[in-house]
Engineer: 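Here it is: the structure, laid out below.
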Number of protein chains: 2
Amino acid sequence: MPHRRTISSASQQPDSGRPATVDLADGEPGEQDEEACRQVLRILSLIGDKWSILIIGKLRDRTLRFGELHRAVTGVSQRMLTLTLRQLERDGLLTRTVHPSVPPRVDYALTELGGTLLDSVVALGEWAVAHRREIDDNRRRYDATHPPLTRS
Amino acid sequence: MPHRRTISSASQQPDSGRPATVDLADGEPGEQDEEACRQVLRILSLIGDKWSILIIGKLRDRTLRFGELHRAVTGVSQRMLTLTLRQLERDGLLTRTVHPSVPPRVDYALTELGGTLLDSVVALGEWAVAHRREIDDNRRRYDATHPPLTRS
DNA sequence: CTGCATCCCTTTGGATACTG
DNA sequence: CAGTATCCAAAGGGATGCAG
């Protein structure tokens with residue numbers, strides 16, 4: 001029987017309650033760590049949105065101000081940049097510093113927490129880079145043999 | 001000056017062209033590895049959607065048929081299960097085997113590629129588990145001090 | 001310069017009904 | 001059982017205009 005790959009909370013302060021062994025699959029409603037699992041998924045969804053990772057990546061090695069970020073991230077709209085930055089600030093992944101000057105100047109910097117997330121995401125990115133050819137090949141092969149997927 | 005965290009394509013066959021060093025941040029339009037970067041992001045978006053990870057997690061250690069998956073993943077609709085399974089099959093992360101019996105029976109199994117992705121995602125999940133308390137604390141603190149975020 | 005508010009179009013995804 | 005098709009509601013996100 002193959003190994004079961006599980007997530008166990010390694011670091012941080014001792015868990016004050018449940019076993020704290022969460023596998024990525026969710027359980028039936030009512031299972032003990034369903035809540036923990038949902039929480040993990042909610043955090044993982046940070047990765048899902050279009051801009052968070054890009055922004056964190058840009059702040060990798062230096063503080064940037066709003067306008068610099070706006071230019072750095074290429075396709076992002078002002079609205080989404082603001083919203084995403086607020087989320088990331090709320091989660092404690094970056095800090096927002098307002099300089100009371102005129103014109104106003106706001107600096108964004110990655111926190112320690114944000115840095116560790118970036119490390120983890122980079123690891124996943126390595127997987128993507130390592131397998132992108134394989135995946136593209138798979139897709140081409142699939143598209144060639146299986147005609148239309150969700151045809152308009 | 002802190003280290004620059006970068007992604008470099010480690011395994012696979014030698015890259016047939018560019019340096020193949022992709023950092024997570026995208027470049028200005030026209031930069032060499034913009035395409036590669038977009039591709040990586042596209043793959044990372046696998047993580048973003050609600051169901052892919054859950055499904056892959058369920059197939060971790062055994063083959064499941066459609067109905068089993070449907071019951072296993074809890075909140076997924078039949079429609080989304082089908083669509084997500086097709087995507088994953090297209091990418092080569094799982095295999096779909098139709099048994100010509102009556103009533104029909106379709107088995108889904110994780111491929112080698114899918115298994116390695118799961119390993120990487122589990123690593124990210126470990127980060128989430130390790131820091132979920134910290135993040136929750138940050139959010140509470142933020143909400144307490146910064147009144148309404150995007151008020152209705 | 002930074003950022004909030006509004007409008008509006010696009011995408012996502014659930015519910016439901018129907019087929020091989 | 002394992003889908004496919006249709007309809008529809010909610011969320012995502014761009015463009016623009018205004019404010020501190």
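Within every chain, numbering begins at 1; the chains are lettered A, B, ... in the order of the sequence lines, protein sequences first and strands thereafter.
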Engineer: Expressed as a whole number of angstroms, how long is the span from A/R71:CZ to C/dC1:C1'?
Structural biologist: 10 Å

Engineer: Measure from CH2 on B/W51 to P on C/dG13 and round the result to the nearest Å.
Structural biologist: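 Roughly 9 Å, once rounded to whole Å.
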
Engineer: Taking only the side-chain heavy atoms of B/Q78 (C-beta and beyond), determine which of D/dG13, C/dA17, C/dT2 contains the nearest atom.
Structural biologist: C/dA17

Engineer: Can you identify which nucleotide, out of C/dA5, D/dC1, C/dG3, has its nearest atom closest to the B/P103 side chain?
Structural biologist: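 Output: D/dC1.
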
Engineer: By nearest atom, which of the nucleotides C/dG13, C/dG3, D/dG13 is closest to the A/F66 side chain?
Structural biologist: C/dG3

Engineer: Check every atom of D/dT4, C/dT2, D/dG14 against the side chain of A/R65 and return the nucleotide holding the closest atom.
Structural biologist: C/dT2

Engineer: If you check the A/M80 side chain, which of C/dT2, C/dG13, D/dG13 turns out closest?
Structural biologist: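 The answer is D/dG13, which lies nearest to the side chain.
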
Engineer: Of the options D/dG3, C/dT2, C/dC4, whose atoms approach the side-chain atoms of A/T82 most closely?
Structural biologist: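 Nearest listed nucleotide: C/dC4.
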
Engineer: Measuring from the side chain of A/R79 (C-beta onward, heavy atoms only), which nucleotide among D/dT6, D/dG14, D/dC1 has the closest atom?
Structural biologist: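 Within the option list, the nearest is D/dG14.
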
Engineer: Which residue lies toward the 5' end of DNA chain D, A/K50 or A/P104, if each is placed at its nearest nucleotide?
Structural biologist: A/K50

Engineer: So which nucleotide from C/dG14, C/dC4, D/dT4 ends up closest to the side chain of B/R86?
Structural biologist: D/dT4

Engineer: Can you measure B/L81 atom CG to D/dT4 atom P for me and round it to whole angstrom units?
Structural biologist: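 Nearest whole value for this atom pair: 11 Å.
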
Engineer: At under 4.0 Å, does any side-chain N or O of B/R105 touch on OP1 or OP2 of D/dG3?
Structural biologist: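 Indeed not, no polar side-chain atom of B/R105 lies that close.
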
Engineer: Just so I know, are the side chains of B/R90 and A/N138 near enough to count as touching, which here means a heavy-atom distance under 4.5 Å?
Structural biologist: no

Engineer: So that I can tick it off, tell me whether B/D143 and B/R140 are bridged by a salt bridge, with the cut-off set at under 4.0 angstrom between side-chain N and carboxylate O.
Structural biologist: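 Salt bridge between B/R140 and B/D143, a charged N being under 4.0 Å from a carboxylate O: no.
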
